[in-house]
Amino acid sequence: MISLNSGARILASVLAILCFSAPGSAQNPPNSPAKPDEQQQPPDTTANTQADTNQSPASTTPGYPLDTQIHPAGKAIPWYGTSSPLKWWDFSIGDFTYDHIYDRLHPFDQVPSADLNLDVFRTSIIFDHPLKNGQGIVLQYIPQLAILNGDVAGNGGFNNTLALGTVFQLSPRFAISLNNGFTQVHSRQLYPPDVLAVDEQAGNLIQNNYLQNAGSYWSDTVTVTGTYKMTPRLLLTVAPAYNYTDVTNQNGVNYVANGQTIAGKASLIYSLTPRQNIGGVFDYETLRATGVAHAAGTDFESLGLYYGYQVSKTWWFRGDIGYQQTIYGGGLLPLRTVGGGGSVVKAFANSTLALAYERGRADTNFVTPDIGNRADAVYTLHLTTRFTYTMGAGIYRETGIDPQNKASYASGGIAFALARSLFLDSSYTYTFQRSSTQQLLSGIRNTFVVGLRWDPKAMVVAH
């Protein structure tokens, strides 16, 4: 077991490295992301120049339904490299975070409350190797260590993430991107990444998981995305994906389902103007899991129309609507309903508002044969160049056969820049979750976090 004094020595060692790292280790940061106007242009795969070395073959904006870019884990901003001074050849330490967390869970059904006081250490280790034609291989490892009362926390200990991404430009019109994500999750995750992650520069967003598991598991997901530019305005995208999940908790019931998910998405998008796209989207997913009723052979199919529009330099909209069908098998009648969703991102002079809604299958951290309905909102206010306030809320409901899950959350947080890359963070999150499946916790959580974050990628907003 790791003692609390050992954890303190780990923190002191890392801070010493940050303070005394030699300037000769630093490398010039990569080119900055394209301006919003430039990122809204249709994908251009007809040429690869040195000026475009940081761009994926198909720039993903709110104008395109399938994401083809490489992202850091849980982030909406595409990967453009790191500005960390802790860089040696292709390896770097991207960030470091220390948090003290107080988490209280009030389970339903008259089960006693459970409190946790934890010290959490987290960092990201990055491998970024350039290839020909301006492409490259990115490998990101995010280890996390939680210490409870001087020992490694049994339920909040190691939550590790390993992400791999690369892009291959096979011809001027055809490109393939490969993404693989490995996650090791323990019961009662301490805090998720930003539930609704927003890219304020290009209007993109990602709805991250926030429903809390009741067991430990590991999961691996691989996605291969191919883009083919049929004409200067017509883009075909095909994205098959595979996920496998395996339970690792050994005490009693296996709370998280074992099994696999096979999925595929395709879109055919036509650019009406440089800021308006329209087209069709097809989605197919089949569950092959054990431990959850009707999840051993449930299929999901959807077909819809898509529209994306950049209203102005600071206002983005995208949405889709169509037909969705869930086929359960085993003599159960299929569920036919309307699916789709939409998002709005609006950047003001010193703040950003983002709204997202989705009705249909989504990438989640649990297995369900039902259709999820999810809505999120987040508002970020840059009070000064150093002080930022964020508040958000969301709701989740399911449609289909029993059992059905539902959840909601509300959160608020502040960040104060002590220096250009050093931040003091504090947040509070209220989460309600009611589940009739043993995969998920069922109760009310109150989570308080205060911590110190070294993040050279975070830029201070100037006004």
Practice prompt. Check whether any side-chain heavy atom of W218 sits under 4.5 Å from a side-chain heavy atom of Y244, and report yes or no.
Written response: yes
Worksheet entry | Non-hydrogen side-chain atoms of S343 and L355 separated by less than 4.5 Å | no
Using distance alone, with no hydrogens and no angle criterion, decide if [X] and [Y] have a side-chain donor and acceptor under 3.5 Å apart.
| X | Y | answer |
| --- | --- | --- |
| D95 | T97 | no |
| E398 | Y396 | yes |
| D220 | N180 | yes |
| R336 | Q325 | yes |
| Y389 | T380 | no |
| N179 | T223 | no |

Fill in: side-chain contact (heavy atoms from CB on, under 4.5 Å) partner of I137, the single match among V167, D128, L164
L164
Item to complete: Indicate, with yes or no, if the rings of Y428 and Y102 have centres closer together than 6.0 Å.
Response: no
Discussion item. Tell me if the aromatic rings of Y309 and F317 count as close, with their centers under 6.0 Å from one another.
Written reply: no
Item to complete: Would you verify whether the NZ or CZ of R453 falls within 45 degrees of the ring axis of F423 while also being under 6.0 Å from that six-membered ring's centre?
Response: yes
Worksheet item: side-chain hydrogen bond (donor to acceptor under 3.5 Å, both in side chains) between Q184 and Y217: does it pass, once the steps are laid out?
Response: CA-CA 6 Å; Q184 181 189 19; Y217 71 96; over 6 Å; no
